[in-house]
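First up is the structure itself, then whatever we jot down about it.
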Amino acid sequence: MNRLFVDNLTVIDFAYLDRHRGLVGESWIVDIELAGDLNEAGMVFDFGHVKSTIKAHIDHQVDHRLLVPADYPGLRWPDPQKPADLRWRLDDGTWIEHRAPAQAVAAVPGETIDRHTIAEQLSQSLERILPDNVQSVAVTLRLEAIEGAWYHYAHGLKKHDGNCQRIAHGHRSRIRILRNGQRAPDLEHYWGNRWCDIYLASAADRVETFEDDGLTYHRFSYDSDQGHFEIALPAARTEIMETDTTVEWIACYLRDETHKLEPENRFEVYAFEGVNKGAIAET
């Protein structure tokens, strides 16, 4: 049997719900391996079709979507006809509400989201759509190896004309900060801790701040090309920016907030959006 591999096929940027961490932004690198017989062209599968077929399928299944463990006891769907309208209760008693068009959410069997389960599901679904000579597909999902600090954030971009407009997708992103031209790991870890599993929101999208069981919550809502989006979550799990939450504005926000901490110093901030891309802002 012949085997074909493609490393770094794509990066899937998405968010998922966790019983402890709440709403988690994540980025997984995708590697694939195909095993099968050679076709009449002497190939297991044409490299030219890998992105148009395999990457497109993976993106459609999980990229820029909210993955929801369908068997978690704290999950409630008020209306079974609206699978993206849900309430998620965490182990600490707090909760998250989400409303969106159906394509913004993917329900996954089980009580948790993990790389191995999602990889197996993607492998099985790919085997059903690839030519008969492809006998098996192995999908590997892995984290970027990061030396230094990183954070997980979720957000939505209402002005985006693609899937970034979905209110609960996200990224696992490293951060690099230079203080007067020298790397500043203390500040990088400061932001890694401050933005651990954070929801970044625009002040213009906040429609309500309210109390529930002694805790403060924010509700954010907007309408975009794909439909109506809304999310409510504890204020302690959010950071609100006066601008949109594009990576360009995030870099500026990090620069400005860092400069407030140390106004005597000059800073250059590299804010990543997922893997190997991002924006730079400097004082």
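Quick caveat: nothing in here was measured; it's all calculated off a predicted structure.
Through side-chain heavy atoms spaced under 4.5 Å, either directly or across other Ile, Leu, Val, Met, Phe, Trp or Tyr residues, Val247 is tied to no other residue.
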side-chain contact (heavy atoms from CB on, under 4.5 Å) between Leu23 and Leu17, worked out = CA-CA 5 Å; Leu23 179 63; Leu17 289 169; 4.1 Å; yes
Kindly indicate, with the supporting measurements, whether the criterion side-chain contact (heavy atoms from CB on, under 4.5 Å) is fulfilled by His218 and Tyr199.
-> CA-CA 11 Å; His218 294 310; Tyr199 184 78; over 6 Å; no
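For the salt bridge (Lys or Arg N to Asp or Glu O under 4.0 Å) test, residues two or more places apart in sequence or in another chain that qualify with Asp31 are Arg142. Taking the side chain to side chain donor-acceptor pair (under 3.5 Å) definition, one finds that Asp205 meets it with Lys158, sequence neighbours left out. For Arg87, the side chain to side chain donor-acceptor pair (under 3.5 Å) partners two or more places apart in sequence, or in a different chain, are Glu97. In this view, Trp191 and Trp195 satisfy the ring-ring contact (aromatic ring centres under 6.0 Å, His included) rule, not counting sequence neighbours.
Expressed to the nearest 0.5 Å, how far CZ of Phe14 lies from CG of Leu66 amounts to 10.0 Å.
Side-chain contact annotation: His171 with His152, donor-acceptor N/O pair under 3.5 Å absent. Checked by atom type, the side-chain pair Asn133/Asp37 shows no donor-acceptor distance below 3.5 Å. With hydrogens and angles left out, the side-chain atoms of Asp92 and Thr94 include a donor and acceptor closer than 3.5 Å.
Residue pairs meeting the salt bridge (charged side-chain N to carboxylate O under 4.0 Å, His left out) criterion with at least one member in residues 7-17, sequence neighbours excluded: Asp13-Lys277.
The shortest heavy-atom contact between Arg183 and Glu147 is NH2-O, 3.7 Å.
Remark: Glu242 CD is loosely packed, at most 12 non-hydrogen atoms of other residues, nucleotides or ligands lying under 6.0 Å away.
Note: His49 and Phe45 have perpendicular aromatic rings, judged against thresholds of 30 and 60 degrees for the angle between ring planes.
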